[in-house]
Each structure stands twice: as C-alpha cells, then as structure tokens.
Amino acid sequence: MKVAVALAAAMAATVLASPSPAAARQAGDLNRFHQQRLHWKACTLGPGDQVGKDLDEAGARCADVTVPLDYSRPDGRTIKIAISRLKASGEEPRLGMMLLNGGGPAPAIDMPPYMRRLMGAAGPRYDLVGMDPRSLGRSAGVDCGWGVGTWIKGAGTTRHSFEQSARFAKDLADRCARTDRGLLPHISTRNIARDMDIVRGALGERKMSYNGASYGTYLGGVYATMFPGRLERVVLDSSMDPYTWGPRLISAAVDVNEEALAAWAGWAAERDGEYGLGATEAEVVKLVHRILAVSAKRPLEIGPYRLDATLVPTLMIDNLGTDEEPARASLAESVRVMREAAAGRFAEPTPDLAAELAFLTAATPEDASVGSGQASIICGDVAAPRDPAVYWRDVQRHRRAAPMFGPVGYNIGPCAYWPTRPAEPPTMIKADLPALMVAATGDTRTTYRSNQLLHGLLRGSRMITLDAYVHAPYQRGYPNACINDRVEDYLLTGRLPTGDLTCAPEK
C-alpha cells in the first residue's frame, strides 16, 4: 500500500456513533437493501483486468450490492458496491463469512485469494469477501484525473516550495470539485460501514467476521461502534486511533519515521562495501540529507523523472514500511541512484525506483483514481484547517526535530481546499469487541501508541506486539511464526489469548 491529526476542535465535536433520530426513522427503509438478491458473475471485466483474472482463476465470484448514496434518503439515488467472494472449501465445517480490508483506504476486492493463502488452515474455513469501499475501484469510484498517485507531498525547504505544494493541493481539490462534486458529500467511513452492514445482510449473514489492517482497523472499529453485536472473530493489524485519523494523520508518525530512517542507515552502514553510502549510521543519514538539500536547489534528473525536495521525503516514507532485507536493499539502491543524480551524473532508475517515481509524478489512471478516492474518504471524515498559514507555521515548528519528515507530516493537502465539508461528526470508537490485535513497536504508518489507544477503546481485545520496524505485519506476511500461529489459532477456535503477548523478531 502507498502511504496516506485531526484538529482538537474537530475531535472535541466527536460523538459516539449512535443512530440519529432521522437515521432511526429510516432504518426500516433499508430492508429492501438487506434483502436484495445478488447476481454472482465472473470477476474479469475485460482483457486488461488482471485483478478480475486472478480472482476468477482462484475460484472467486463477484457481485454488485445496491446501497443508498445518501443514507438519510434511502429512497433516493443508489450506487453499486463491488464485492468478491471466495467460498469456504474442504471437508472441515464452514466458520462463516469474513470481510477483508487491507487499509489505504484502497480497493479490497482483490484480497480473498491472497488472504486465503496467508490464513493457513483457517483460510478454507471461511467465505472470504473483498469489498471495494465507496469512492474506490469498482464501487462508485472517484476519479478526479489527478495524474499522480498520491496527494502526500512535502513542503520542501523554503516558503516558495511550500507555496508550490499548496497550489498543487488546491489543484487536486479543484479537479475533484469539477468531476465528482455530487458524490463527494456522501463519501465517508461511516457510510462505508453502513455499506458493510448491507453487504452482510445481502449475503444472508446474521453476523460476520472481519480482518482489517491499517485504515481497515479504523473502519472495523467504526463498524463495531455503529453496529454492536454483529461481528464475530476480528483481527485488527496495525491499528489507527480515532484521534489521529483525518487529513493530518501522517503527523503522528513523523518521529517514528525519523527513527526508522536512522535504523535503515545503520543497516546500510554495515553493508558499506556493497552500497557505498557511508561507513556509519551518521554518514548515511548525512548523505540522505545532502540529497534532499541538492533537490531543493534543482530537481534530481533520474531517467525521465524529476525529483524535487517536496518528493524526496515522500519517496523515503514509502520505503520505510518494513525492515525486511529486500525492502532495505531496494531503498539502498534507490539512494545510490539519487546520489548520482545529486552529483550531476547520469542516473538510471532501478525498476523499483522507476515504479515509485512514476507513481509520484506520472501515475497510471488506475493509481491516480485510487489517490483521489482515498482523499475523498479522509476529507469526508474530518475537516481540515483552511488557512495555509496554519500548515506553514507547523512545518517550521517541527523542521528542526524532524528535518526529513516534519515537512511532509505537517504540510498542507487537498482537504484544506476540499469542496465539501463532512456531513457528520467522525465516530468516536468505543465498543465491546474482543478482537485480536497485532502491532509493531516501530510501525511507521500507525504508531505503536495508536495501537495502544485503540486497544484501550475496544473492551475485551488482546494485543500481540512485535519489536520491529514494520507496518501491518500480519497482512504483509512478515516472517514471524509467533504472530501467524496465534492469529491462525484464534481464527480456527475463536479463543483469544488470556492476556497481551509479545513476539520476538525472527532474525
């Protein structure tokens, strides 16, 4: 997954997600959606649809679930929510339906075959269901024609570069205002949770299990709060907390990304003979900052791509999601290429770096639509400050302590210019939910503190902690039998550990 702090005033307005009187009056009107008959079909949409092809080859089937666009007007316009289902197989008894979400926010219709392999003996026991959340993929996808895969961009090193990033953010928001203004007011996590419940009902399930990572943990917590008692076995991997979810969510992870950069630099220094980036951690970190400083004066020319100081930190964040050897080696090779470009020499990107640069500067239409759909959810959940001066002040305030990532975490984004405001307050998660949570102490996306906060809000939950720099260790397939065996046992038996656990790294 590509990367993606609410204001105190906004969070002060947060409420428990009990149905409003209007919603309660409309509850009966949703029966026709819960009782709809689904038409199952092949998943492939055309000759270039690799996701559909992979689902079909795995034996999955796809369907469209009709839901209201506006839940306060269930008799009004409807949209289609795309789902895939890989039915339980084998001789062992079926354990029910499990809805999957991999975070992002991003499409999730592709997940059932991957998760079946990951879940070991538990995989074939469930009907695994992937759902593209509204605004993403096949579910009323928002496509603002951005041309880039993400709205996340740094402020650079000067006031001029900050103003450039502000114009970039405004352009993204303006594009969405032109293309999808009628859809945007109805894009939110709360409405995605409502869609989930209609999917559950349309599949004829009284309850369902759930497996979510990253943003998917926030979505799962919102669902559990809005629809208590409808979840059975729940796995939450690398959890968000409701206080940091929103347009400025990256700010919470600034410090841990600085730590992860130093940890990677130490790893690279131990392999100085192979990569030549420096013989000590300090030398490697200094090289990265020198690359950033050069990119602030002139964009780095890497093949057909140009990389300036607003994008160098974004690229680094994207590559600090795990401390696994292949990922660390890929980043070392990318930094070596950037060093050549910074020295004014010819620099040809590695395949991994070329893919990153294309995503950041010239994304495919598919990647660009995911970026705008993701922003639609975040901006639809929590209002952002509108005054650019707020962001510039925060960037400057954190630049010394977090010189690489502070200008990213506190920078302005498209939500500051979004054409619509959130239709509802965000959900303050609080639920009786005996979930099994997986967390890493060095999570660079959802910090360990975020995991601890959500753990405290979900009564009866248990948490497995891994001491590693990694995001979403379970769904990523991070090599750790301690985690994987305990999750598999829980999914098979429904028995939670008697208390919280710690798993040691396998290296």
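Keep in mind that the numbers below use all heavy atoms, side chains included, and drop hydrogens, waters and symmetry copies. Along the sequence shown, the residues carry numbers beginning at 1.
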- Message: Counting C-beta onward and ignoring hydrogens, is there a side-chain heavy-atom pair between His39 and Asp64 closer than 4.5 Å?
- Response: no
- Item | Lys/Arg-Asp/Glu bridge criterion (N-O < 4.0 Å) met for Arg175, Asp171 | yes
- Quick one: CE on Met226 to OG1 on Thr189, what's the gap to the nearest 0.5 Å? 10.0 Å
- State, to 0.1 Å, how close Gln475 and Asp237 come at their nearest heavy-atom pair, and which atoms those are. N-OD2, 2.7 Å
- Message: When you measure from the side chain of Asp367 to the backbone of Phe359, do you find a donor-acceptor pair of N or O atoms at a distance under 3.5 Å?
- Response: no
- Message: Is the shortest side-chain heavy-atom distance between Asn484 and Tyr478 below 4.5 Å?
- Response: no
- Message: Quick check for you: to the nearest 0.5 Å, what is the distance between Tyr126 atom OH and Met119 atom CE?
- Response: 6.0 Å
- Item | Under 3.5 Å: donor-acceptor pair, side chain of Ser330, backbone of Pro326 | no
- Is there a donor in the side chain of Ser139 and an acceptor in the side chain of Lys80, or the other way round, less than 3.5 Å apart? no
- Asp127 pairs by salt bridge (charged side-chain N to carboxylate O under 4.0 Å, His left out) with which of Lys87, Arg94, Arg61? Arg94
- Query: Is the count of non-hydrogen atoms from other residues, nucleotides or ligands lying under 6.0 Å from Glu366 atom CD greater than 12?
  - Reply: no
- Note on the structure: By ring pair (Phe, Tyr, Trp, His ring centres under 6.0 Å), Phe162 pairs with (sequence neighbours left out) Trp392
- Query: Does one side chain, of His455 or Ser239, offer a donor that lies under 3.5 Å from an acceptor on the other?
  - Reply: no
- Query: What pair of heavy atoms forms the shortest contact from Glu324 to Pro479, and how long is it?
  - Reply: OE2-CD, 3.5 Å
- Are any of the side-chain heavy atoms of Ile192 and Val222 separated by less than 4.5 Å? no
- Query: How many angstroms lie between CD1 in Ile429 and OH in Tyr243, if you round to the nearest 0.5 Å?
  - Reply: 10.0 Å
- Side chain Ser188, main chain Gly380, donor-acceptor under 3.5 Å: no
- How about Ser372 and Ser369: does a side-chain donor come under 3.5 Å of a side-chain acceptor? no
- Is a donor on one side and an acceptor on the other found under 3.5 Å between the side chain of Ser209 and the backbone of Met98? no
- Item | Main-chain N/O of Ala224 paired with Tyr210 side-chain donor or acceptor, under 3.5 Å | no
- Task: Looking only at non-hydrogen atoms, find the nearest pair between Arg421 and Ala383 and report the distance.
- Result: NH2-CB, 3.8 Å
- Under 4.5 Å between any side-chain heavy atoms of Val256 and Phe405, yes or no? no
- Task: Salt-bridge test for Arg138 and Asp49: reply yes if a basic N is under 4.0 Å from a carboxylate O, no otherwise.
- Result: yes
- Of all the heavy-atom pairs spanning Pro133 and Ala108, show the shortest one and how long it is. CD-N, 4.4 Å
- Query: Step by step, would you call Gln452 with Tyr448 a side chain to side chain contact (heavy atoms under 4.5 Å, CB included)?
  - Reply: CA-CA 6 Å; Gln452 292 174 311; Tyr448 188 58; 3.3 Å; yes
- Query: Would you find a donor on one side and an acceptor on the other, under 3.5 Å apart, between the side chain of Gln36 and the backbone of Thr66?
  - Reply: yes
- Locate the shortest heavy-atom distance separating Trp418 from Cys176; write the atom from each residue and the value. CH2-SG, 3.6 Å
- side chain to side chain contact (heavy atoms under 4.5 Å, CB included) partner of Ser376, chosen from Leu183, Leu136, Thr420, Val142: Val142
- Evaluation steps, side-chain hydrogen bond (donor to acceptor under 3.5 Å, both in side chains), between Asn101 and Tyr218: CA-CA 10 Å; Asn101 186 282; Tyr218 178 70; over 6 Å; no
- Item | CD1-OG1 distance between Ile317 and Thr444, expressed to the nearest 0.5 angstrom | 8.5 Å
- Item | From CE (Met131) to CG (Leu219), nearest 0.5 Å | 6.5 Å
- Criterion side chain to side chain contact (heavy atoms under 4.5 Å, CB included) on Asp110 and Asp54, from CA distance to verdict: CA-CA 8 Å; Asp110 62 325; Asp54 291 344; over 6 Å; no
- Item | Under 3.5 Å: donor-acceptor pair, side chain of Thr217, backbone of Gly212 | no
- Message: Donor-acceptor check, side chain of Arg134 to backbone of Ile187, threshold 3.5 angstrom: yes or no?
- Response: no
- Less than 4.5 Å apart, any side-chain heavy atom of Met240 and any of Ser450? no
- Task: Identify the two heavy atoms, one from Trp151 and one from Ala375, that lie closest to each other, and give their separation to 0.1 Å.
- Result: CD1-CB, 3.9 Å
- Check step by step if side chain to side chain contact (heavy atoms under 4.5 Å, CB included) holds for Asp394 and Arg248. CA-CA 11 Å; Asp394 286 347; Arg248 310 190 76 186; 2.8 Å; yes
- Message: Pair Thr361, Arg306 - check side-chain hydrogen bond (donor to acceptor under 3.5 Å, both in side chains), show working.
- Response: CA-CA 8 Å; Thr361 64; Arg306 292 166 66 84; over 6 Å; no
- Query: Can Asp70 and Arg77 be said to form a side chain to side chain contact (heavy atoms under 4.5 Å, CB included), step by step?
  - Reply: CA-CA 7 Å; Asp70 181 352; Arg77 179 183 166 189; over 6 Å; no
- Task: Quick one: pull up CG in Asp323 and CG in Leu331 and give me the separation to the nearest 0.5 Å.
- Result: 12.5 Å
- Message: Run the side-chain hydrogen bond (donor to acceptor under 3.5 Å, both in side chains) test on Asp174 and Tyr417 for me, step by step, so that the C-alpha distance in whole Å, both residues' side-chain angles and the decisive distance to 0.1 Å come before the verdict.
- Response: CA-CA 8 Å; Asp174 288 348; Tyr417 304 99; over 6 Å; no
- Message: For the backbone of Gly154 and the side chain of Asn411, can you confirm whether one donor and one acceptor N or O come within less than 3.5 Å of each other?
- Response: yes
- Under 3.5 Å side-chain donor-acceptor pair for Thr310 and Asp308: yes
- Message: Looking at Asp56 and Ala42, would you say the former's side chain and the latter's main chain have a donor-acceptor pair under 3.5 Å?
- Response: no
- Under the salt bridge (charged side-chain N to carboxylate O under 4.0 Å, His left out) criterion, do Glu424 and Arg194 qualify, and how do the steps go? CA-CA 13 Å; Glu424 302 177 88; Arg194 293 176 176 117; 3.0 Å; yes
- Item | Atom CZ of Arg449: over 12 foreign heavy atoms under 6.0 Å | no
- With a 4.5 Å heavy-atom cut-off, do Thr446 and His471 have their side chains touching? yes
